[in-house]
Each structure stands twice: as C-alpha cells, then as structure tokens.
> 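Take a look at the following structure, please.
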Amino acid sequence: MEDDFSVPHYKIKMVENTQLLPREKRIGAIKRCGNNVFSLKSEEVFIDLLSDSGTSAMSDSQWASMFHGDEAYSGSKSFFRLKEAVQEVMGFPLIIPAHQGRAAEKILDEVLVKKGDVIPGNWHFDTTRAHIEYQGAIGIDCVTKEALEPAIFHPFKGNIDLEKLESVIKKHGKEKIPYILLTITCNSMGGQPVSIQNIRDTKKLADQYGIPLFFDAARFAENAFFIKKREKEFENHSIGEIVAEMFSYVDACTMSAKKDAIVNIGGFIGLRNQELYDKLVPIAILLEGYPTYGGMSGRDMEAVATGLREVISEEYLAARIGQVAYLARKLDEAGIPIIKPPGGHAVFVDGKAFLPHIPQEQFPSQALCTQLYIESGIRAVEIGTCLAGRNPQTGKNVMPKLDLMRLTIPRRVYLREHMDYIVESLKRLYARREQIKGLKFSFEATGIRHFKSRFEVIE
Ligand code: F0G
C-alpha cells in the first residue's frame, strides 16, 4: 500500500563491517545457545533483526550535537534543549527524562497505579504490562478485532475497539482506571497504526468518564506517516502537523527514545499538568536521577533533541516505512505467510502458517528463528508462544492466537540488498519447511522467559 520505492535521502559516511560465519559455525553457535537466538554474540550474527530499539544509525547532526552535551548535575543546557524539542514536536511543556521507555513507565505507574486498578489500552507492550502488573493492577487489551486476522487488510489495525473500551470502563468504574493508554504504533500487533479519528473518539470517551488519556509514543512518527497515507483528511498535512494533532488529544506520554528519536539510549515522560509533574518528580529522582538529566547524560539528551526533529521528515519516513513495505511485498510475492499490511518497524512472519506440521506447543516461530539463523546468519525474534509465558493463576502455557517471527528493521542501518538477502534466505527455508522440527524446553526460564530459556529439537 505504501510506496516502497522511496530512495533514502541520506548517504553513508561510516560503516561497521559484519561477517557471515560458515554454516557449520552457525550450527555450533545456535547449539551452544540452546536454540535461543538471544544468547548469540552479535559478532555471530550477519543481519540483526532482533529489535529496532536502540539499534538505529544516528545522523552526523546527532553525533555533532553530542559535542554540545552539558554534563552539569543540575540545570544542564542539554536538558533545556531537549525540553524545547519535545515542546516543539509533541507540544508538551513539561518533561521528565529517563534512561529508556520502561523507566518512564515505572515512574508513571509507581505514582498513578495501585492494586486492583485496570489500565485499558489498544495492546500494551510487554514492559508496559509488566509494570502495570508489578503494581498489582491489570492491563486490558481492547484492540480492534481485525488486528487478530493476519490475512485481512485494515488500514488501522492498531485502533482501539471503543465498544470494548467502554464496556471495560463500565465494568470496573472510572475510580479503578487511572489512565487509558494508546500505544502508537501498536508494537505487539505488528507495529500497526492508530488513526486520528480513533484517537479523537477515544479522547471523547475518556473525557466523558473523566479518565486521562496517555500515549506510549515510542513510534509516534511512523504512526503519523501512516495517517498521512491512509486517512484522507490528512493527506495534505505535513508530518509535523499530524504529530501535533495526535498529541493534542492526550494528557501525557511515555517515550522510548530508542525508537523514533533514532538514538541508542534514552526516554522521557512528556506532560502538561504541573500537579502530576510535581508528584512524579520525587519518584523520578529516586529511580533515575535529578530531573534535569534523569538517567541520561547531557550528550544523550542532545542526540534525542536532534533526533526528534529529524524523525518527522517525510522523506526519511517514506524510505523507512518503504523499506519495511518492500520486504513485506517481496515475501508476500514469494508466498511466505506474513501479517498484512506490514506495520512500520517490522515484518511479522506467521509461524503457524509457515510450519503447519509443528503444533503450537512446539514453538513453531521459535523453531523458525533458529532455522533462519542456521540458513543465513539472520537473527529474528519470536513473538509467540514462548514469549507469551504461563498464566500466573493456572500455571498453564498461554496459547496466543498468533505465533509470529518478527523481522525487525533498525532505522537507517541496512540496504535494499540486505532485504533481498532476507527474502532469498526465507525462500530457501520455505522450500525445505517440511524438514523443520518442533522444539521443547530443556530449560524454562522464569519471568520474561524468551530471553534465557533453552530448547532442544524434537526428533
Ligand atoms: N513501548 C513500546 C511500544 C516498545 O516497543 C518498547 C520497547 C517499550 C515501550 C519499552 O522501551 O525498551 O526503551 O525500555 N520495545 C523494544 C522492542 C524492546 O524490541 O520492541 P525501552
């Protein structure tokens, strides 16, 4: 749907060499790692599609701005430059810096969320949900039903289902709901966008019940690009105008700057309400540091400030999202089952459809990740049955409807040749898919178990 032939409006000034280990070494490496790609050393990986978080390439302007980093313990000039950039791009007059997105979540939830509360949203990201649960509350996902149908086209699969949201509010009562959260784009649903209309309607409903509305804004610029391309009212608006409109409906946001500020580390809370700011600051000091650096160095704050202004470039976003769309189109043409349409930061391969002979309890997408590594040196990540974990009450494995392999594309890092290599590798794997076998745990880690668990092949 998005034009996938946008030429990047940048050129390469510095490169990092990579190596493709011979096949026997890749087999040895994955064996050593217990068939879990998280345990690979990055030097063993040829193309790294584990995450788009903190893995992007900064621009020369970002690197240059870092030299202006002011490392004063309090009142750093870099903090004020960051504050100005957030105000300019997102319209928030107040910010609390944090070292990354989950730290911003922690500060917010520590103050606002108590035992027995519920936080409805489109679909919370893992760390967001984990922080909510850590406070003794629960997160409730109200994403539109089309999001759960991999083969159906819908322009805004990240939208919240307003009827479902209202029924959650009615059931639990507004006193139990400290805020409603929209994740833009919706990572756990494949990086799918949320429309302005949906944001407006959610705001209206939130106001009706007097509940604040927040964004998890990690990929806000990618979301804005989809709005420009798919929501008629905004086709002639600049990305900057769309971003301003999006944020005008929310009271606050948490931000992982590791995504759409195109930096390697950083985050913040953006907000309007002085009273809330005053409540958050003591916790921010306790967990992150003085409120004019909060877990970031002065130079990090400079890079974030510059990145926020860069990311709302339409040329940049066209190339970024175009690259993801290109990869998706090529895979689709090769008959490889993917989630359609692709989102902004990744292509999701449908593991159950790729490997229909492997039952879901044998982790098809995890098996696919290990085989893709052996085939090609590419590291993808399972977003499926292993990640879903066990139900804390029953101890039973959660069986998510979708069992996926995420090919996550770092920003400004790989070329079209890399995308073609990924496609060719997956085609080869698809041709021999019947030989791929399921997996079982040889060690099941506790907590977020996909980081540390080990698997053996079921012969
Ligand atoms: N919210 C969203 C939507 C995210 O995708 C992430 C991280 C976070 C919050 C947490 O931010 O990592 O800076 O603490 N997502 C990464 C990923 C890890 O690979 O999707 P963080």
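Note: hydrogens, waters and symmetry copies are ignored here, and every other heavy atom, side chains too, is used. Both ligands and their constituent atoms are indexed starting at 1 by order of listing.
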> Check each of Arg412, Arg411, Lys259 against Asp52 using the salt bridge (charged side-chain N to carboxylate O under 4.0 Å, His left out) test, and report the only one that passes.
Arg411

> Please check whether Thr183 reaches ligand 1 - meaning an N/O of the residue sits under 3.5 Å from an N/O of the ligand, judged on distance alone.
no

> For ligand 1, which is the ligand I care about here, please tell me if Gln100 has any N or O atom under 3.5 Å from one of the ligand's N or O atoms.
yes

> Does ligand 1 have an atom that lies less than 4.0 angstrom from a heavy atom of Arg219?
yes

> Starting from atom 3 (C) of ligand 1, what is the nearest protein heavy atom, named by residue and atom, and what distance separates them?
Asp216 OD2, 3.4 Å

> Side chains of Gln366 and Asn35: does their closest heavy-atom pair fall under 4.5 Å?
no

> Counting the benzene-type ring for Trp, do His237 and Phe234 have ring centres under 6.0 Å apart?
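That pair passes the under 6.0 Å test.
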
> I need the atoms of ligand 1 closer than 4.0 Å to a non-hydrogen atom of Gly101, numbered in the order shown.
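What qualifies from ligand 1 is 11 (O), 13 (O), 14 (O), 21 (P).
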
> Short list, please: which atoms of ligand 1 are under 4.0 Å from a heavy atom of Thr127?
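Those atoms are 8 (C), 10 (C).
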
> Hey, could you give me the CG/CG distance between Asn159 and Leu165, rounded to the nearest 0.5 Å?
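Taking CG in Asn159 and CG in Leu165, the distance rounds to 12.0 Å.
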
> If you measure every N or O of Lys258 against every N or O of ligand 1, does any of those distances drop under 3.5 Å?
no

> Could you check whether Arg416 makes a cation-pi contact with Tyr326, meaning its NZ or CZ is under 6.0 Å from the centre of the six-membered ring and within 45° of the ring axis?
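Satisfied, under 6.0 Å and within 45°.
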
> For atom 20 (O) of ligand 1, what's the nearest protein heavy-atom neighbour? Residue, atom name and distance, please.
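That would be Asn187 ND2, 2.8 Å.
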
> Heavy-atom contacts with Ser256 under 4.0 Å: which atoms of ligand 1 show up? List them by number with element.
11 (O), 13 (O), 21 (P)

> Does Thr185, backbone or side chain, put an N or O under 3.5 Å from an N or O of ligand 1?
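Such a contact does not occur with ligand 1.
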
> Answer yes or no: is there a side-chain heavy-atom contact under 4.5 Å between Thr202 and Leu213?
yes

> Side chains of Ser39 and Arg454: closer than 4.5 Å at any heavy-atom pair?
no

> Of the protein's non-hydrogen atoms, which lies at the shortest distance from atom 9 (C) of ligand 1, and what is that distance?
Glu105 OE2, 3.3 Å

> Is there side-chain contact between Leu162 and Ile160, with at least one heavy-atom pair below 4.5 Å?
yes

> Under 4.0 Å from any heavy atom of Ser51, which atoms of ligand 1 are there?
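Atoms satisfying the 4.0 Å criterion: 17 (C), 19 (O).
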
> Show the atoms of ligand 1 that are less than 4.0 angstrom away from any heavy atom in Arg406.
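Matching atoms, with element in brackets: 17 (C), 19 (O), 20 (O).
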
> With ring centroids as reference points, do Phe455 and Phe443 lie under 6.0 angstrom apart?
no

> Identify the protein heavy atom lying closest to atom 8 (C) of ligand 1, giving its residue, its atom name and the separation to 0.1 Å.
Phe125 CD2, 3.4 Å

> Who gets closest to atom 15 (N) of ligand 1 by heavy atom: Arg102, His345, Lys259?
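Result: the heavy atom closest to atom 15 (N) of ligand 1 is in Lys259.
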
> Please determine whether a side-chain nitrogen of the Lys or Arg among Arg26 and Glu375 lies less than 4.0 Å from a carboxylate oxygen of the Asp or Glu.
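Result for this pair is no, no salt bridge flagged.
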
